[in-house]
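The structure appears right after this line, and notes come after that.
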Number of protein chains: 2
Amino acid sequence: MINQGDPFEGLYIVHCGMLKQSYQRRYDELITHFFLPGDVIGLDAIGYRCYAGTVATVETSGLRLIPFRCIEDLSSPEARLKELICCLSEAMHDEHTRLWQILNQPSDVKVAGFFITMSYKFRNQGCSPHSFRLPMSRQEIANYLCMASETACRIIKRFQKQGLLSARGHEYCILDPEGLTSIAEQ
Amino acid sequence: MINQGDPFEGLYIVHCGMLKQSYQRRYDELITHFFLPGDVIGLDAIGYRCYAGTVATVETSGLRLIPFRCIEDLSSPEARLKELICCLSEAMHDEHTRLWQILNQPSDVKVAGFFITMSYKFRNQGCSPHSFRLPMSRQEIANYLCMASETACRIIKRFQKQGLLSARGHEYCILDPEGLTSIAEQ
DNA sequence: CGCATGATTGATCGACCTCAAGGTCTGTGG
DNA sequence: CCACAGACCTTGAGGTCGATCAATCATGCG
């Protein structure tokens, strides 16, 4: 049906049957959606112009394609709406990616991914991606990553011992970006 | 700043500082977002017209409100775009709810929630919410809920022993909706 | 019937949570 | 400047849920 990464052509409305969307990574795949009649396929594909996952039928199904020239063809008065729609779609996609990461990764992967993401966000702001201040507490970080604060603490300490990271209070230095990335992408 | 459930008034753009969004349920709260400069707050509030979580500052921050009369005031030519935006926002909200449910709930809660959700979806289609056919395999259900298929299997079996559910092949009957719901909302 | 795929059931193990006990830091008031 | 309180951080010792591994059953299909 649709393969992950295919260029975005439009939304699909499900009329009958059932489909699934799955997200492939390395060796495993994760089913992210079951689509039943009335559901819309492809909302998370608008912003990045390609489908976020592979869609396949679970049983014989009927679909209707809604081609998507309309978004691209919007003229200036609607430009802000177009912008908003893309923003929404991208945000949906990004947050799904984050949540899938959290869902079934071990804790050290989640923590490493957190610091890589933060580093990336600071770089985008024009700040140093290697040395930054995170105002939130360890407890808040742990909560955000769905783990006990003790676990987050232990892992940060281990990263320090391994020379990947340095943390003093709320000041963090990423000493080995490649090392952290390799853990995060495990 | 913003409380979960407050009526939607507009999006906020973060100029400086850092904020967090958290989702409250029963006794615990879960941090769902950290907002850094450039991020947009409230995308998940457009569709349902109220904010999906409580937003608070982590450190002193600067925001700009983008009032949202524009969506409500759209005239007919843009009506479809308005519809699409609301659809996107609602989908984002719904999927977040699902993922947060999965994130830190024990397996039996996830399975119970899955059947409740499916029952609800079938009701919306005009089918029986008590007796329905799910074409996907146990493995696919387990994958969707981020657990081993053996675990899903054991829990479904336990639900059958408890008289909550009956499952023969792909045919399922929900015998005790209240019982299942109370487990799912635990 | 033979084979393949999926469903079940049991036994074992490990990652992470929980609980508990210091340790550190910051702000406040004397 | 010091004492104190409170919140947060750190570290250690069990306990547990769910994953993994393995084996057995059930089902469908050429």
Side-chain angles (χ1 to χ4, degrees), chain A residues 18 20 22 26-31 56-60 100-115 133-162 165-172 183-184 186, chain B residues 18 20 22 27-31 56-60 101-115 133-162 165-172 183-184 186:
Chain A
M18 191 178 294
K20 61 175 179 178
S22 57
R26 306 292 145 121
Y27 313 110
D28 52 351
E29 77 165 347
L30 177 59
I31 296 176
T57 55
V58 179
E59 62 180 358
T60 313
W100 300 335
Q101 296 261 357
I102 288 186
L103 269 172
N104 44 11
Q105 296 300 322
S107 293
D108 52 351
V109 176
K110 297 196 279 185
V111 174
F114 173 75
F115 283 108
R133 183 187 137 78
L134 295 180
M136 68 284 265
S137 68
R138 304 280 158 103
Q139 293 180 8
E140 287 175 316
I141 294 175
N143 183 303
Y144 181 62
L145 298 175
C146 289
M147 63 180 69
S149 61
E150 294 93 328
T151 304
C153 202
R154 276 183 254 265
I155 290 172
I156 290 175
K157 170 129 299 200
R158 201 175 75 217
F159 284 172
Q160 292 188 68
K161 275 185 191 150
Q162 295 172 347
L165 198 71
S166 113
R168 282 188 314 283
H170 289 190
E171 293 291 338
Y172 297 87
I183 294 177
Q186 175 216 333
Chain B
M18 190 177 293
K20 62 175 180 178
S22 57
Y27 312 111
D28 52 351
E29 78 165 348
L30 177 59
I31 295 175
T57 55
V58 178
E59 62 181 356
T60 313
Q101 297 260 355
I102 288 185
L103 270 171
N104 44 11
Q105 295 299 321
S107 293
D108 52 351
V109 175
K110 298 195 279 186
V111 173
F114 173 75
F115 283 108
R133 182 185 138 78
L134 295 180
M136 68 284 266
S137 68
R138 303 281 157 104
Q139 293 181 8
E140 287 175 316
I141 294 175
N143 183 303
Y144 181 62
L145 298 176
C146 289
M147 64 179 71
S149 61
E150 294 92 326
T151 304
C153 201
R154 276 183 254 266
I155 290 171
I156 291 174
K157 172 127 299 198
R158 201 173 74 216
F159 285 173
Q160 291 187 69
K161 276 185 191 150
Q162 295 172 347
L165 199 70
S166 114
R168 282 186 317 280
H170 288 191
E171 294 290 338
Y172 298 87
I183 294 178
Q186 174 215 329

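For clarity, every value in this text was computed on a predicted model and none was experimentally measured.
For B:Glu150 against D:dC21, a side-chain N or O and a base N or O form a donor-acceptor pair under 3.5 Å.
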Pair A:Lys20-B:Glu140, side chain to side chain contact (heavy atoms under 4.5 Å, CB included): steps then yes or no | CA-CA 9 Å; A:Lys20 61 175 179 178; B:Glu140 287 175 316; 2.6 Å; yes

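At whole-Å resolution of the value, CZ in A:Arg154 and C1' in C:dT18 are 10 Å apart. Put simply, CD on B:Gln139 is 15 Å from C1' on D:dA19, counting in whole angstrom units. Per the geometry, CE belonging to B:Met147 stands 13 Å off P belonging to D:dT20, to the nearest Å. For B:Leu134 and C:dG6, the CG to P distance is 17 Å, given to the nearest whole Å. Across the protein-nucleic acid pair, B:Met136 atom CE and C:dG6 atom P stand 15 Å apart, rounded to whole Å. Across the protein-nucleic acid pair, A:Arg168 atom CZ and D:dC8 atom C1' stand 18 Å apart, rounded to whole Å. Spacing between atom CG of B:Asn143 and atom P of D:dT20 amounts to 12 Å, rounded to whole angstrom units. Here C:dA7 presents its P atom at 18 Å from CZ of B:Phe159, a figure rounded to the nearest Å.
When distances run from any side-chain atom of A:His170 to the nucleotides C:dC16, D:dG18, D:dC9, the shortest one goes to D:dC9. For A:Ala148, taking side-chain heavy atoms from C-beta onward, the closest of the listed nucleotides C:dC16, C:dT18, D:dG18 is C:dT18.
In terms of phosphate contacts, B:Arg138 brings a side-chain nitrogen or oxygen within less than 4.0 Å of OP1 or OP2 of C:dT8. A close approach under 4.0 Å does not occur between any side-chain nitrogen or oxygen of A:Lys157 and OP1 or OP2 of D:dT10. Within the 4.0 Å cut-off from OP1 or OP2 of C:dC16, not a single side-chain nitrogen or oxygen of A:Thr151 is found. Between D:dC8 and A:Ser137, no contact under 4.0 Å exists linking OP1 or OP2 to a side-chain N or O.
Between A:Val109 and A:Ala184 the shortest heavy-atom distance is CG1-O, 3.3 Å.
Note: B:Phe114 and B:Tyr144 have perpendicular aromatic rings, judged against thresholds of 30 and 60 degrees for the angle between ring planes.
Side chains of A:Arg133 and B:Glu59 form a contact here, defined as non-hydrogen atoms less than 4.5 Å apart.
Looking only at distances, a side-chain donor or acceptor of A:Asn143 sits under 3.5 Å from a matching main-chain atom of B:Glu29.
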